[in-house]
Amino acid sequence: MTKLVYFAWVRERVGKPDETIDLPGSVTTVAALLDWQKTRGEVYAHAFEHASVIRVALDKTHAGHDAALGDAREIAFFPPMTGG
Amino acid sequence: MKGRSVPGATIRIQRDPFDVPAETARLTAGRADIGGVVAFTGLCRDEGGRLRALELEHYPGMAEDEIARVAQTALARWPLLGLTAIHRFGMIAPGEDIVLVIAASAHRRAAFEAADFMMDYLKTRAPFWKREHLIDGTTGAWVESKAEDDAAAARW
């Protein structure tokens, strides 16, 4: 099981802050996971419509879209950061 | 209030306001080797009277980790004698403080550069997101990231 967490407008579009699910075995990279999210219904298709701008963190560490998921237990999705 | 342990640095993510003179004094108290302290405070603007508050969302745990990583890089790069980074979250009204970076060194250049570096990196790497709450009572848009912030971080 993998915990998926969402922040800011990604969280609002998905409609929940987190969920725990079984990822398909074929989803092994960040890019594949973003593509898969789009297939999970209208809400997800809308949330991940502009997947290229969505940032991903694997176990609280920034990861590029080409990164392998490895055995990450918590995967976060969020817009570019606007702190400071 | 949550802290992260980085030897030589103080990192805190908190809802409450911070006290800049007290945080500065904490770095300099009881020592005579510090020759310069640079403190940067980021404040919430009212955006021409439009804004009632900024809401800052963050990723607990990762926010501390990322700022700690940036602090470690700064400590490795400049001869610092003290480093503090505090970032607030929650609802912040115009005029209130949002973020504080304090760098102390024997000489001013390292303190100026390290504080500048910390802010540039913190803005592009620390998982915080701002949303506007407007004076008319409505919730405005999520603040969009700026290309100039990425360009500023790329200078280093």
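All chains are named by letter (A, B, ...) in the order of the sequence lines, taking the proteins before the strands, and each is independently numbered beginning at 1. In this text, all values refer to a predicted model and were calculated from it rather than measured experimentally.
A single hydrophobic cluster is not seen to contain both B/Leu54 and B/Met91; linkage of ILVMFWY side chains at heavy-atom distances under 4.5 Å, directly or through other members, places them apart. Under the 4.5 Å side-chain contact rule for hydrophobic residues, B/Phe40 and B/Leu43 do not share a cluster. A continuous path of Ile, Leu, Val, Met, Phe, Trp and Tyr side chains, each step under 4.5 Å between heavy atoms, connects B/Val143 with B/Leu122, placing both in one hydrophobic cluster. By the criterion of side-chain heavy atoms lying less than 4.5 angstrom apart, applied directly or through intervening Ile, Leu, Val, Met, Phe, Trp or Tyr residues, B/Ile13 is grouped together with B/Met119 in one hydrophobic cluster. Both A/Leu4 and A/Val30 are members of a single hydrophobic cluster when ILVMFWY side chains are connected at heavy-atom separations under 4.5 Å.
In this structure, chain A has a heavy atom under 4.5 Å from the side chain of B/Arg69, while its backbone stays farther away. Neither the backbone nor the side chain of B/Glu55 comes within contact range of chain A, judged by heavy atoms closer than 4.5 Å.
Separation of atoms CG (B/Leu56) and OG1 (A/Thr82) is listed at 7.0 Å; rounding is to 0.5 Å.
A donor-acceptor pair under 3.5 Å is formed between the side chain of B/His87 and the backbone N or O of A/Gly84.
At a heavy-atom cut-off of under 4.5 Å, chain B is reached by A/Ala57, A/Lys60, A/Thr61, A/His62, A/Glu74, A/Ala76, A/Phe78 from residues 40-78 of chain A, listed in order of number. Chain B is approached within less than 4.5 Å, heavy atom to heavy atom, by no residue from residues 17-27 of chain A.
Taking every heavy atom of both residues into account, A/Pro80 and B/Trp129 meet most closely at O-CD1, 3.5 Å. Contact record, B/His58 with A/Phe7: O-CE2, 3.5 Å, taken as the closest heavy-atom pair.
Residue B/Val20 is found in a hydrophobic cluster whose other members, listed by chain and number, are B/Phe18, B/Leu27, B/Ile34, B/Val37, B/Leu81, B/Ile86, B/Leu100, B/Ile102; membership requires side-chain heavy atoms under 4.5 Å apart, directly or through intermediates.
Environment of CZ in B/Arg50: crowded, with over 12 heavy atoms of neighbouring residues, nucleotides or ligands closer than 6.0 Å.
The salt bridge (Lys or Arg N to Asp or Glu O under 4.0 Å) analysis of residues 22-41 of chain B, with sequence neighbours excluded, yields the pairs B/Arg12-B/Glu23, B/Glu23-B/Arg26, B/Arg31-B/Asp33.
Of the residues considered (B/Glu144, B/Lys146, B/Arg131, B/Arg125), B/Arg125 shows the highest number of contacts with chain A, using heavy-atom pairs under 4.5 Å.
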